[in-house]
Amino acid sequence: MTTVRLLPVTTEQECLRCFDVMRELRTHLDAPQTCVSQIMRQMAMGYRLLAAWEENRVVGLAGYRLTENLLYGRFVYVDDLVVSAAGRRHGLGARLIAAVREEARAMSCRHLVLDTGLGMALAQRFYFRQGLLSRGMHFVEALGVEEMAS
């Protein structure tokens with residue numbers, strides 16, 4: 001693997017270049033422009049996307065946001081963390097987590113938080129190796145309401 005640069009994604013064009021890697025994590029995504037529109041809406045609400053670039057292609061992503069609640073105080077929540085299949089086993093996931101962790105510290109956050117699926121044993125082992133500990137379970141109920149595109 002050649003030199004990899006971690007850079008924030010800020011434009012629609014940059015988002016579009018992230019689609020193939022994001023789809024490795026979010027396999028339900030089928031339309032690049034719909035994904036880009038969603039990411040841009042999320043960015044308007046504070047979502048940040050950090051891309052790992054190897055030359056001119058994206059090989060990893062970390063999507064996260066600053067938030068606050070009574071449980072954790074001020075914290076960074078990692079929504080999306082993915083490294084392309086071809087880019088795995090080179091420490092890139094650890095670099096992305098470390099970069100988000102450092103940004104969280106710089107913003108005076110008390111915690112770094114993320115969720116992963118119960119069946120994602122490899123991801124869980126990776127998170128444990130990165131110093132994240134399992135603290136609970138995540139519960140979801142589909143409400144059957146169509147999303148409104150704004």
Side-chain angles (χ1 to χ4, degrees), residues 3-29 34-54 58-85 87-150:
T3 302
V4 174
R5 296 169 297 133
L6 302 182
L7 299 169
V9 173
T10 59
T11 68
E12 288 190 28
Q13 189 59 34
E14 291 168 341
C15 282
L16 190 57
R17 299 200 40 210
C18 296
F19 177 75
D20 290 335
V21 174
M22 185 64 81
R23 190 158 190 241
E24 289 189 41
L25 176 65
R26 307 292 180 216
T27 56
H28 65 281
L29 298 174
T34 302
C35 177
V36 169
S37 296
Q38 177 73 38
I39 289 172
M40 296 308 289
R41 283 192 309 275
Q42 288 178 207
M43 284 181 173
M45 295 183 286
Y47 178 83
R48 300 170 190 196
L49 188 60
L50 181 65
W53 294 85
E54 182 180 39
V58 174
V59 293
L61 296 166
Y64 58 98
R65 54 198 153 100
L66 172 67
T67 191
E68 190 168 355
N69 67 22
L70 293 173
L71 179 60
Y72 296 116
R74 186 176 171 91
F75 69 101
V76 163
Y77 182 83
V78 178
D79 292 90
D80 310 295
L81 180 68
V82 59
V83 173
S84 68
R88 293 185 192 135
R89 308 262 187 266
H90 297 282
L92 189 49
R95 279 186 62 196
L96 286 163
I97 285 279
V100 173
R101 182 184 291 120
E102 285 310 307
E103 187 165 346
R105 285 183 175 135
M107 293 186 292
S108 300
C109 292
R110 297 180 58 201
H111 294 92
L112 177 71
V113 178
L114 61 81
D115 292 323
T116 191
L118 293 173
M120 304 285 290
L122 293 176
Q124 292 165 19
R125 285 196 322 217
F126 168 76
Y127 297 135
F128 282 125
R129 285 194 313 269
Q130 300 311 308
L132 289 110
L133 301 175
S134 177
R135 292 266 177 100
M137 294 177 67
H138 184 90
F139 291 89
V140 176
E141 176 187 1
L143 299 177
V145 175
E146 291 291 321
E147 280 189 46
M148 296 181 348
S150 16

Side chains of [X] and [Y], heavy atoms from C-beta outward: is any pair under 4.5 Å?
X	Y	value
L49	Q42	no
I39	F19	no
L29	T34	no
V59	W53	no
F126	L81	yes
L112	V100	yes
L114	I97	yes

Under 3.5 Å donor-acceptor, [X] side chain and [Y] backbone:
X	Y	result
E68	C109	no
E24	A85	yes
R74	M107	yes

Measure the [atom1]-[atom2] distance between [X] and [Y] for me, rounded to the nearest 0.5 Å.
X	Y	atom1	atom2	answer
M22	R17	CE	CZ	15.0 Å
S37	E12	OG	CD	6.5 Å
L71	R110	CG	CZ	9.5 Å
L7	L50	CG	CG	7.5 Å
C35	H28	SG	NE2	8.0 Å

**Asked** When you look at CE of M120, are more than 12 heavy atoms from neighbouring residues, nucleotides or ligands closer to it than 6.0 Å?
**Response**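 Check fails, neighbour count at 12 or below.
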
**Asked** Is the count of non-hydrogen atoms from other residues, nucleotides or ligands lying under 6.0 Å from L70 atom CG greater than 12?
**Response**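 12 or below, so no.
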
**Asked** Who passes ring pair (Phe, Tyr, Trp, His ring centres under 6.0 Å) against F75, sequence neighbours left out?
**Response**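 Listed in chain order: Y72.
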
Sequence neighbours left out, cut at 3.5 Å: what donor-acceptor pairs do the side chains of residues 130-139 make with other protein atoms?
residue : atom : partner : partner atom : Å
H138    : ND1  : D115    : OD2          : 2.7

Measure across [X] and [Y] and return the closest heavy-atom pair with its distance rounded to 0.1 Å.
X	Y	answer
A123	T116	CB-OG1, 3.8 Å
D79	R65	OD1-NE, 2.8 Å
A52	V4	CB-CG1, 3.7 Å
L6	A99	CD1-CB, 3.9 Å

**Counterpart residues, side chain to side chain donor-acceptor pair (under 3.5 Å), relative to R48 (two or more places apart)** =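 Per chain and number, R48 pairs via side chain to side chain donor-acceptor pair (under 3.5 Å) with E103.
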
**Request:** Determine, for R105 against E102, whether the closest basic-nitrogen to carboxylate-oxygen distance falls under 4.0 angstrom.
**Result:**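 Salt bridge: yes.
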
**Asked** Run the side chain to side chain contact (heavy atoms under 4.5 Å, CB included) check on V9 and M43 step by step: do they pass?
**Response** CA-CA 10 Å; V9 173; M43 284 181 173; 4.1 Å; yes

**Asked** Y64 and L96: side chain to side chain contact (heavy atoms under 4.5 Å, CB included), yes or no, with the steps?
**Response** CA-CA 11 Å; Y64 58 98; L96 286 163; over 6 Å; no

